[in-house]
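Let me begin by presenting the structure, written as C-alpha coordinates, before commenting on it.
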Amino acid sequence: GLGLPSGQLERKYPMPLPNKGGGSYQNAKISNKEIRALLYNIACCHSRMGQQELALGALQQCVDAGFKDADTIQRDPDLSSLKSSPKFAQIL
(Lines give C-alpha, C1' and ligand atoms only; values in the text may rest on other atoms or scores of the structure.)
Protein backbone atom coordinates (compact mmCIF):
# COMPACT_ATOMS: atom_id res chain seq x y z
CA GLY A 1 0.00 0.00 0.00
CA LEU A 2 0.87 3.64 0.05
CA GLY A 3 1.39 3.71 3.80
CA LEU A 4 -0.74 6.79 4.35
CA PRO A 5 -2.62 6.68 7.65
CA SER A 6 -6.02 8.21 8.11
CA GLY A 7 -6.14 11.34 10.24
CA GLN A 8 -3.68 14.18 10.18
CA LEU A 9 -0.35 14.04 8.36
CA GLU A 10 2.56 16.39 8.72
CA ARG A 11 4.76 17.35 5.81
CA LYS A 12 8.29 16.04 6.22
CA TYR A 13 10.03 18.60 4.06
CA PRO A 14 9.72 22.36 4.39
CA MET A 15 8.10 24.06 1.43
CA PRO A 16 8.18 27.85 1.19
CA LEU A 17 4.87 29.65 1.39
CA PRO A 18 4.32 31.85 -1.66
CA ASN A 19 4.38 35.57 -0.85
CA LYS A 20 4.42 34.96 2.89
CA GLY A 21 7.87 36.22 3.82
CA GLY A 22 9.71 32.95 4.23
CA GLY A 23 7.20 30.85 6.20
CA SER A 24 6.82 27.18 5.29
CA TYR A 25 4.30 24.40 4.96
CA GLN A 26 6.47 22.22 7.20
CA ASN A 27 3.86 21.96 9.93
CA ALA A 28 0.82 22.11 7.69
CA LYS A 29 -1.92 19.61 8.47
CA ILE A 30 -3.75 17.66 5.80
CA SER A 31 -7.41 16.93 6.52
CA ASN A 32 -9.08 13.54 6.09
CA LYS A 33 -11.03 14.98 3.18
CA GLU A 34 -7.78 15.98 1.46
CA ILE A 35 -6.29 12.54 2.17
CA ARG A 36 -9.33 10.86 0.62
CA ALA A 37 -9.09 13.12 -2.45
CA LEU A 38 -5.38 12.39 -2.77
CA LEU A 39 -5.89 8.62 -2.51
CA TYR A 40 -8.80 8.73 -4.96
CA ASN A 41 -6.72 10.65 -7.50
CA ILE A 42 -3.78 8.28 -7.01
CA ALA A 43 -6.14 5.36 -7.69
CA CYS A 44 -7.38 7.07 -10.86
CA CYS A 45 -3.84 7.74 -12.09
CA HIS A 46 -2.66 4.17 -11.48
CA SER A 47 -5.78 2.81 -13.16
CA ARG A 48 -5.22 4.95 -16.25
CA MET A 49 -1.59 3.79 -16.38
CA GLY A 50 -2.69 0.14 -16.28
CA GLN A 51 -1.30 -0.43 -12.79
CA GLN A 52 -4.32 -2.29 -11.49
CA GLU A 53 -2.93 -3.56 -8.17
CA LEU A 54 -1.58 -0.13 -7.20
CA ALA A 55 -4.88 1.46 -8.21
CA LEU A 56 -6.89 -1.03 -6.17
CA GLY A 57 -4.61 -0.51 -3.17
CA ALA A 58 -5.04 3.26 -3.30
CA LEU A 59 -8.79 2.90 -3.80
CA GLN A 60 -9.01 0.56 -0.79
CA GLN A 61 -7.10 3.07 1.32
CA CYS A 62 -9.40 5.83 0.10
CA VAL A 63 -12.46 3.89 1.22
CA ASP A 64 -10.76 2.93 4.49
CA ALA A 65 -10.11 6.64 5.08
CA GLY A 66 -13.86 7.27 4.87
CA PHE A 67 -14.76 7.80 1.19
CA LYS A 68 -18.32 6.46 0.96
CA ASP A 69 -19.53 7.47 -2.52
CA ALA A 70 -19.71 4.08 -4.24
CA ASP A 71 -21.77 5.58 -7.08
CA THR A 72 -18.95 7.98 -7.99
CA ILE A 73 -16.42 5.14 -7.94
CA GLN A 74 -18.62 2.97 -10.18
CA ARG A 75 -19.28 5.78 -12.68
CA ASP A 76 -15.75 7.21 -12.87
CA PRO A 77 -14.28 6.38 -16.31
CA ASP A 78 -10.77 6.71 -14.84
CA LEU A 79 -11.47 3.61 -12.77
CA SER A 80 -13.12 1.58 -15.55
CA SER A 81 -10.09 -0.70 -15.94
CA LEU A 82 -10.64 -1.95 -12.39
CA LYS A 83 -14.26 -3.02 -12.75
CA SER A 84 -13.42 -6.55 -13.95
CA SER A 85 -11.41 -7.25 -10.80
CA PRO A 86 -13.14 -9.14 -7.99
CA LYS A 87 -11.25 -6.90 -5.57
CA PHE A 88 -13.04 -3.86 -7.04
CA ALA A 89 -16.41 -5.28 -5.99
CA GLN A 90 -15.04 -6.09 -2.53
CA ILE A 91 -13.85 -2.51 -2.08
CA LEU A 92 -17.34 -1.19 -2.82
Side-chain angles (χ1 to χ4, degrees):
L2 298 170
L4 293 175
S6 61
Q8 297 294 320
L9 296 178
E10 290 186 33
R11 296 185 186 275
K12 293 185 177 185
Y13 306 101
M15 295 170 52
L17 287 167
N19 303 318
K20 296 293 181 188
S24 76
Y25 292 118
Q26 185 172 7
N27 296 319
K29 300 291 183 184
I30 301 173
S31 71
N32 267 348
K33 184 177 180 179
E34 291 168 318
I35 291 169
R36 289 190 300 267
L38 173 68
L39 290 167
Y40 189 89
N41 287 320
I42 289 170
C44 290
C45 289
H46 282 305
S47 176
R48 290 181 57 93
M49 292 188 302
Q51 299 169 334
Q52 190 175 39
E53 286 305 310
L54 291 172
L56 289 166
L59 188 59
Q60 180 67 64
Q61 287 188 350
C62 176
V63 170
D64 290 347
F67 189 81
K68 305 285 186 218
D69 192 350
D71 188 49
T72 294
I73 293 171
Q74 290 175 328
R75 288 184 293 111
D76 193 328
D78 288 341
L79 299 173
S80 62
S81 70
L82 307 180
K83 291 180 182 178
S84 63
S85 169
K87 189 172 180 181
F88 182 80
Q90 291 172 351
I91 291 170
L92 298 179

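Keep in mind that what you see is a predicted model, and the values were worked out from it rather than measured.
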Heavy-atom pair of closest approach, residues [X] and [Y]:
X   : Y   : value
L59 : A43 : N-CB, 3.7 Å
A65 : L39 : CB-CD1, 4.4 Å
Q52 : S85 : NE2-CB, 3.5 Å
R36 : F67 : CD-N, 3.1 Å
A55 : S47 : CB-N, 3.5 Å

Starting at [atom1] of [X], measure out to [atom2] of [Y] and round the result to the nearest 0.5 Å.
X   : Y   : atom1 : atom2 : result
Q60 : Q90 : CD    : CD    : 8.5 Å
K68 : I73 : NZ    : CD1   : 10.0 Å
C44 : M49 : SG    : CE    : 11.0 Å
E53 : L82 : CD    : CG    : 9.5 Å
S81 : H46 : OG    : NE2   : 11.5 Å

May I ask you to decide if Q74's main-chain N or O and K83's side chain share a donor-acceptor pair within less than 3.5 Å?
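Yes.
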Is L79 linked to I91 within one hydrophobic cluster, defined over Ile, Leu, Val, Met, Phe, Trp and Tyr using a side-chain heavy-atom separation of less than 4.5 Å?
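Cluster IDs for L79 and I91 match.
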May I ask whether V63 and L92 are part of the same hydrophobic cluster, defined by side-chain heavy atoms of I, L, V, M, F, W, Y residues being less than 4.5 angstrom apart, directly or through others?
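The answer is yes; both residues are in one hydrophobic cluster.
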side-chain hydrogen bond (donor to acceptor under 3.5 Å, both in side chains) partner of Y40, the single match among D69, D76, T72
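Checked D69, D76, T72 against Y40; only one passes side-chain hydrogen bond (donor to acceptor under 3.5 Å, both in side chains): D76.
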